[in-house]
J.: 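This is the structure I want to talk about, given as structure tokens.
In this text, all values refer to a predicted model and were calculated from it rather than measured experimentally.
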Amino acid sequence: GDYEWSAFVSPSVRRQGIGQRLLMELNHELEIRGAVYDLALVFEEGKAGQHLLRKNGYFHDFSERTMVADANVNFVLNDVEILLFSTEESEVVAVLVNAFGDSEDEAKEMIAFTTATPNRRLMIAKLEGKIVGTVSIIEESDKLWVTGLAVHETARGQGVATTILN
């Protein structure tokens, strides 16, 4: 399987081998689990983390963009209905497979994890009665994390993602 992970070492205790020991333990745990691939996320300005990862054989593979927005409504498409996921698994699986290239099993695992985990919600977007988008929401104290925003290719460019985010 593939694994995504992140770690943080406080600046006040860096350069004491803590990051290296964390990475060694992580690699041990990944080996036990038969990991084929792991993905380390590091902030662009996180030079210490980048150095540690490069030193241990990691390389830049792709860039992910984290975006922030004010919580105000800019545009809402009246034809898009946003609802809490209930039993529409096959339709949501189809959106995730189309949008991310996930396998059906991976999509089902994500749905099961999101719907079973406290503080997480899976939302769906319907356009003309058909599920065309989905997003996972994580509530954390005063923050709302939006992850896994997906729109089926047949509905892209129609304001579905914008409506979901609003």
Side-chain angles (χ1 to χ4, degrees), residues 1-8 22 25-44 46 49 53 58 60-166:
D2 297 347
Y3 294 86
E4 180 177 319
W5 62 273
S6 61
F8 177 79
L22 286 170
E25 182 61 27
L26 173 73
N27 285 328
H28 173 73
E29 293 296 323
L30 291 172
E31 186 178 318
I32 290 171
R33 288 164 177 74
V36 176
Y37 180 83
D38 72 288
L39 175 64
L41 302 177
V42 62
F43 292 111
E44 189 173 346
L53 293 172
Y58 287 80
H60 184 265
D61 188 36
F62 72 94
S63 293
E64 183 176 274
R65 182 70 60 191
T66 301
M67 301 174 76
V68 177
D70 292 329
N72 57 3
V73 176
N74 298 317
F75 170 79
V76 176
L77 184 65
N78 292 331
D79 297 339
V80 177
E81 188 178 13
I82 309 298
L83 304 164
L84 185 62
F85 170 86
S86 59
T87 61
E88 308 88 346
E89 184 177 90
S90 63
E91 293 173 272
V92 173
V93 166
V95 170
L96 293 169
V97 167
N98 176 268
F100 296 129
D102 292 347
S103 70
E104 287 187 16
D105 287 340
E106 289 170 326
K108 288 177 182 178
E109 284 178 28
M110 189 283 296
I111 292 167
F113 175 78
T114 301
T115 57
T117 305
N119 299 333
R120 291 181 184 250
R121 290 182 288 159
L122 182 62
M123 306 301 292
I124 59 170
K126 286 187 173 185
L127 179 62
E128 298 174 2
K130 181 175 173 16
I131 295 176
V132 295
T134 184
V135 66
S136 298
I137 298 172
I138 305 166
E139 295 179 62
E140 186 179 282
S141 62
D142 64 339
K143 292 183 175 67
L144 183 69
W145 296 93
V146 176
T147 65
L149 174 62
V151 176
H152 195 282
E153 64 187 348
T154 60
R156 290 186 191 145
Q158 298 179 48
V160 174
T162 301
T163 303
I164 289 171
L165 291 174
N166 284 316

J.: Kindly give the heavy-atom pair with the smallest separation between L149 and A161, and that separation in Å.
T.: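 Distance-wise, the nearest heavy atoms are CD2-CB, 4.1 Å.
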J.: Is it the case that more than 12 heavy atoms not belonging to E29 sit under 6.0 Å from its CD atom?
T.: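 Result for CD/E29: enclosed.
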J.: Quick check for you: to the nearest 0.5 Å, what is the distance between I124 atom CD1 and L83 atom CG?
T.: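 Answer for the CD1-CG pair, I124 versus L83, is 5.0 Å.
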J.: Is there a donor-acceptor pair closer than 3.5 Å between any side-chain N or O of E139 and the backbone N or O of I137?
T.: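 Side chain of E139 to backbone of I137: no pair is present.
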J.: Taking atom NZ of K130 and atom CD of E88, what is their separation to the nearest 0.5 Å?
T.: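 Here the rounded value is 12.5 Å.
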J.: Of the non-hydrogen atoms in A150 and L96, which two are nearest, and what is the gap between them?
T.: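 Heavy atoms of A150 and L96 come nearest at CB-CD2, 4.2 Å.
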J.: Please round to the nearest 0.5 Å and tell me the distance separating atom CD1 of I131 and atom OG of S90.
T.: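 If I round to the nearest 0.5 Å, the distance is 8.0 Å.
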J.: What is the minimum heavy-atom distance between I82 and M123, and which atoms define it?
T.: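 Minimum heavy-atom contact is CG2-CE, 4.1 Å.
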J.: Ignoring hydrogens, what is the shortest heavy-atom contact between V160 and A155? Give both atom names and the distance.
T.: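 Here V160 and A155 meet closest at CG2-O, 3.8 Å.
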J.: For V93 and K108, run side chain to side chain contact (heavy atoms under 4.5 Å, CB included): C-alpha distance rounded to whole Å, both residues' side-chain angles, the deciding distance at 0.1 Å, then the answer.
T.: CA-CA 7 Å; V93 166; K108 288 177 182 178; 3.8 Å; yes
J.: Taking atom OG1 of T117 and atom CG of L122, what is their separation to the nearest 0.5 Å?
T.: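 Nearest 0.5 Å value for the OG1-CG distance: 11.0 Å.
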J.: Can you tell me how far apart CE (M110) and OG1 (T134) are? Round to the nearest 0.5 Å.
T.: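 Here the interatomic distance stands at 5.5 Å.
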J.: How far apart are the closest heavy atoms of A99 and V151, and which atoms are they?
T.: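 Of all heavy-atom pairs spanning A99 and V151, the closest is CB-O, 3.9 Å.
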J.: Could you state the interatomic distance from NE2 (H152) to CG (N98), rounded to the nearest 0.5 Å?
T.: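 If I round to the nearest 0.5 Å, the distance is 3.5 Å.
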